[in-house]
Protein chains: 2
Amino acid sequence: MSALLNVPLTATPLLPAQRRQRIVDFLHRHGAVTLQQLASALHVSLSTLRRDLDGLSDEGLVDRTHGGALLRHQQYSTFEPEFSAALELSPHEKSLIGMAAANSLMPGQCVIFDSGSTVQEAARAVAARNIEILAVTNDIQIAQILGLSPAVRVHVFGGQLRAGSNTLVGDEVLASARSIRADVLLFGAHAVTEGVVSETSSDVAAVKRALMQSATSRRLLIDSSKFRPRVFMSVCEVTELEEIITDDGAPQDEIERIRGAGVKLTIARRAS
Amino acid sequence: MSALLNVPLTATPLLPAQRRQRIVDFLHRHGAVTLQQLASALHVSLSTLRRDLDGLSDEGLVDRTHGGALLRHQQYSTFEPEFSAALELSPHEKSLIGMAAANSLMPGQCVIFDSGSTVQEAARAVAARNIEILAVTNDIQIAQILGLSPAVRVHVFGGQLRAGSNTLVGDEVLASARSIRADVLLFGAHAVTEGVVSETSSDVAAVKRALMQSATSRRLLIDSSKFRPRVFMSVCEVTELEEIITDDGAPQDEIERIRGAGVKLTIARRAS
DNA sequence: GCATTTTTGTGAAAGTTATTGACAGTTAAT
DNA sequence: ATTAACTGTCAATAACTTTCACAAAAATGC
């Protein structure tokens with residue numbers, strides 16, 4: 001299905017720079033676009049879009065192909081484009097994973113929601129189904145989502161807000177995490193590589209490790225694009241987890257490694 | 001003939017600096033503006049607006065593009081996909097109060113932002129102007145807004161999320177509040193009546209009282225509709241405050257009572 | 001005090017450049 | 001062989017730059 005750029009039929013004229021920005025943004029989420037998709041979403045002529053793509057190609061941001069363009073992502077590992085990319089990398093897969101995670105929760109449980117876009121989808125699913133739980137989180141966006149449901153009691157860790165994100169980090173979070181006991185931890189990560197879970201920043205990794213100590217059952221939520229080269233800070237080994245929930249794009253060797261380690265692996269699929 | 005009272009009612013005489021401020025505010029909310037939007041909302045010539053944008057671009061605040069400008073440090077606005085440029089560029093009472101409160105802050109201060117819609121406007125103004133402060137808040141929505149500004153360090157109190165709101169309450173907030181020391185507290189209230197500030201719920205009132213104890217300067221932000229019959233829980237007397245910021249609809253008797261009590265009263269107005 | 005220069009902000013006009021959509025001819029893909 | 005996509009050109013429109021004139025406020029001179 002053709003995922004659309006979120007352009008309502010607004011009379012607001014779009015700045016050329018904004019249009020290019022949206023194209024790049026779309027590419028960050030989907031990796032590729034066709035000129036047809038762009039034309040139907042942005043309502044400008046093909047000539048203009050061709051010029052846009054050519055320009056972006058000259059800047060080295062995208063690779064031009066017949067009929068469209070591909071994202072040129074060369075510098076991945078240590079620099080994290082969390083601003084643009086993370087919010088919606090591949091929304092459909094993420095929400096499937098989130099639903100699967102929500103399904104595995106039981107009423108009355110105490111659940112920690114770590115920061116991250118996939119966990120956010122789990123929070124959405126929990127709120128939508130009014131599952132009665134006590135939720136604890138260090139992500140203020142997730143707190144807001146969970147707060148929409150009358151069935152969920154939400155507790156927020158105090159702490160420092162990480163620049164450019166919705167995550168709380170710092171000593172205060174670590175201390176609070178140590179003082180609680182939860183049934184389940186739902187968390188995400190930046191990369192999973194050969195059985196090692198890693199993150200880009202040390203303070204985020206520290207928080208994740210602290211949260212792991214506080215929960216009986218640890219469940220990792222990652223879309224399959226996260227099976228990629230490992231980044232700076234290692235968080236844990238997959239053997240320390242109870243379950244990993246991902247989508248059906250996960251590479252076979254990682255799947256076997258996880259199953260071989262005796263960790264439950266759930267593939268979230270579309271209901272049919 | 002003197003131009004003393006020669007101001008037409010239709011046009012708003014706006015100081016150049018104020019006009020630019022509004023442009024920046026708008027950009028912080030939406031990330032982009034067209035010159036056309038600005039012209040139709042601010043009623044000055046395109047030449048002037050071009051000069052404004054060029055100036056802001058020289059200051060490094062915005063990026064100039066054909067037909068408009070983009071915010072330089074491009075940050076996602078998480079809310080309000082639907083907007084009317086004209087409405088937002090001529091702000092209402094609450095945002096005027098918020099701007100006045102933001103103006104009174106000095107770089108380097110530690111400022112507590114209590115929960116509430118008027119305080120939220122102050123947070124917006126602080127974020128838009130990139131005032132360098134350390135912010136502490138018990139409202140997760142305000143935390144998100146402040147987090148958009150790279151100049152603001154945001155600290156969030158831990159606590160229980162109050163059902164149906166963005167406010168954190170509970171013992172944990174009270175304890176955290178007692179352990180900090182801030183220069184300024186910006187807070188709102190449900191009602192101000194005959195010199196008494198009141199709230200509808202006891203846990204919210206308890207938090208406000210605790211925050212008052214932690215701040216050297218206590219400033220109450222209330223639009224004039226809050227001068228109304230008092231509600232259940234009393235929070236404090238106006239005599240305990242340093243300043244009250246409101247709009248020009250405040251009743252005369254309350255104004256006199258406040259001034260008589262030696263409390264600074266600021267009326268936020270459109271232009272001067 | 002008053003008249004003046006300077007400064008600053010503003011709007012309008014003329015000429016220049018950018019962006020856009022359409023069209024015709026050419027090249028690539030299956 | 002037959003689409004679909006690309007290249008290049010062109011005219012129309014929108015935006016830009018530069019320049020000038022005007023007004024109000026601030027600084028200056030007498």
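Sequence lines set the chain letters: A, B, ... in the order given, protein chains first and strands last, and positions in each chain run from 1.
Between the CD atom of A:Q36 and the C1' atom of C:dA29 there is a distance of 15 Å, given to the nearest Å. Protein atom CG of A:L15 is 9 Å distant from nucleotide atom P of D:dA15, rounded to whole Å. As a whole-Å value, the separation of B:D52 CG from D:dA15 P is 17 Å. Residue A:Q37 contributes atom CD, which lies 12 Å from atom P of D:dA5 at whole-angstrom precision. Remark: C1' of C:dG9 and CG of B:L49 are 13 Å apart, rounded to the nearest angstrom. Atom CG of A:L53 and atom P of C:dT19 are 15 Å apart (whole Å). As rounded to whole Å, 11 Å separates atom P of D:dC6 from atom CG of A:L38. A:R20 places its CZ atom 9 Å from the C1' atom of C:dT19, with the value rounded to the nearest Å.
Contact annotation for B:T65: backbone-only contact, meaning every heavy-atom pair under 4.0 Å involves sugar-phosphate atoms and none involves a base. Counting non-hydrogen atoms under 4.0 angstrom, B:L35 reaches the backbone sugars and phosphates but no base. Within 4.0 Å (heavy atoms only), B:T48 reaches sugar-phosphate atoms of the nucleic acid but no base atom.
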Trace of the side chain to side chain contact (heavy atoms under 4.5 Å, CB included) decision for B:S149 with B:V126: CA-CA 8 Å; B:S149 165; B:V126 166; over 6 Å; no
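Two residues, A:S47 and B:V44, neighbour DNA chain C, and the one matched to the more 5' nucleotide by heavy-atom proximity is B:V44. Mapping A:H66 and A:L46 onto DNA chain C via the closest heavy atom, the residue that lands nearer the 5' end is A:L46.
Within the 4.5 Å cutoff, the side chain of B:L211 has no heavy atoms near those of the B:F187 side chain.
Checking C:dG11, C:dT19, C:dG21 against every side-chain atom of B:S45, the shortest atom distance belongs to C:dG11. With C:dG21, C:dG9, D:dT19 as the candidates, the nucleotide lying closest to the side chain of A:R51 is C:dG21. Comparing D:dT17, D:dC16, C:dA12 by their closest approach to the side chain of B:D54 singles out D:dT17.
Side-chain contact, B:N138 with B:S115: no donor N or O sits under 3.5 Å from an acceptor N or O. For A:N166 and A:Q141, the side-chain atoms include at least one donor-acceptor pair closer than 3.5 Å. At a cut-off of 3.5 Å, with distance as the only test, no side-chain donor of B:S217 or B:E243 sits close to an acceptor on the other residue.
Residue-to-nucleotide contacts include no donor-acceptor pair under 3.5 Å from the side chain of A:R50 to the base of D:dG8.
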